[in-house]
Amino acid sequence: MIHELKSNYRQFFEEDLIEEIARVGTIKEVPQGFHLIEIGQYVRYMPLLLEGAIKIMRDDHDGEELLLYFLEKGDTCAMTMTCCMGETKSEIRAIAETDTKLIMIPIEKMESWTVKYKSWRNFVFESYHVRLMELLETVDKIAFLKMDQRLVEYLKDKVKVHEDQIIKSTHQEIAYELNTSRVVISRLLKTLEHKKVVELNRNYIKVIGFDHL
DNA sequence: ACATTAATTGTGT
DNA sequence: ACACAATTAATGT
């Protein structure tokens, strides 16, 4: 565990802190599709990502959902950081996008570490900033880009977090994550196929390249 | 191996 | 948005 921590977080944390994380944290490995947290659940741990990716979703009142952003290696969840004080319910839903390995730190530790370790303070502020920027980026996409552009951005993200040109999703799943209808996605994908950007198959999409855009 | 059903995708209105 | 056809995968017998 120490070794994995160091390879991912040595740039951020001092030696003492890494050892303490190793002492109080627990390793958790979850399979693809695992629901890490639902809206309304209490946050008791702060996750540090070691491997894999997590998608963060926002749900609206009646079953509509929207993908906010992906968390990748070296990231942590900004929601948990707002909840240092007291018991707070999660505002978001976190689902493992790939098989994922993470360290769970009890949130009680966060407060004392903030006082004790400078590197921890920096890390928390830094992560908070990065998350906020990503969220802004997503907001911009939703506000200013048409659906065809959003779909392209989505495909790029997928390829990145999976490190794979093959996207194993159905049109319906993509539609849910972008909060639109399946038919719209099917049509847009079809035109992307004509532009030689993707190759459509049942249950998966092969990304050729975004050069022809 | 075959039939039935369900899920996925394509297309027209 | 809705409806429907076509294709493919999954399941049972």
How close or far is atom [atom2] of [N] from atom [atom1] of [X], stated in whole angstroms?
X      : N      : atom1 : atom2 : answer
A:I185 : C:dA1  : CD1   : P     : 12 Å
A:Q172 : B:dG10 : CD    : P     : 13 Å
A:E199 : B:dG10 : CD    : C1'   : 17 Å

| What residue among A:F12, A:F13, A:Y9 forms ring-ring contact (aromatic ring centres under 6.0 Å, His included) with A:W120? |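 Single ring-ring contact (aromatic ring centres under 6.0 Å, His included) partner of A:W120 among A:F12, A:F13, A:Y9: A:F13.
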
| task | Would you indicate what A:L200 reaches in the nucleic acid, counting non-hydrogen atoms under 4.0 angstrom: base, sugar-phosphate, or nothing? | result |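 Sugar-phosphate contact only.
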
| Is any side-chain nitrogen or oxygen of A:S186 closer than 4.0 Å to OP1 or OP2 of B:dT9? |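 The answer is no; no side-chain N or O of A:S186 sits under 4.0 Å from OP1 or OP2.
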
| Is the phosphate of B:dA7, meaning OP1 or OP2, less than 4.0 Å from a side-chain N or O of A:H171? |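 Answer is no, no contact under 4.0 Å.
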
| remark: Note: for A:R187 and A:T170 on DNA chain B, the residue whose nearest nucleotide lies more 5' is A:T170

| message | Would the base of B:dG10 count as contacting A:R202 through its side chain, where contact means a donor and an acceptor less than 3.5 Å apart? | response | no

| Within 45° of the axis and under 6.0 Å from the centre of the six-membered ring of A:F210, does NZ or CZ of A:K156 qualify? | yes

| query | Can you get from A:L132 to A:I54 by hopping between Ile, Leu, Val, Met, Phe, Trp and Tyr side chains that sit under 4.5 Å apart? | reply | no

| field | Whether A:T100 side chain and A:A96 backbone form a donor-acceptor pair below 3.5 Å | value |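 No; zero donor-acceptor contacts below 3.5 Å.
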
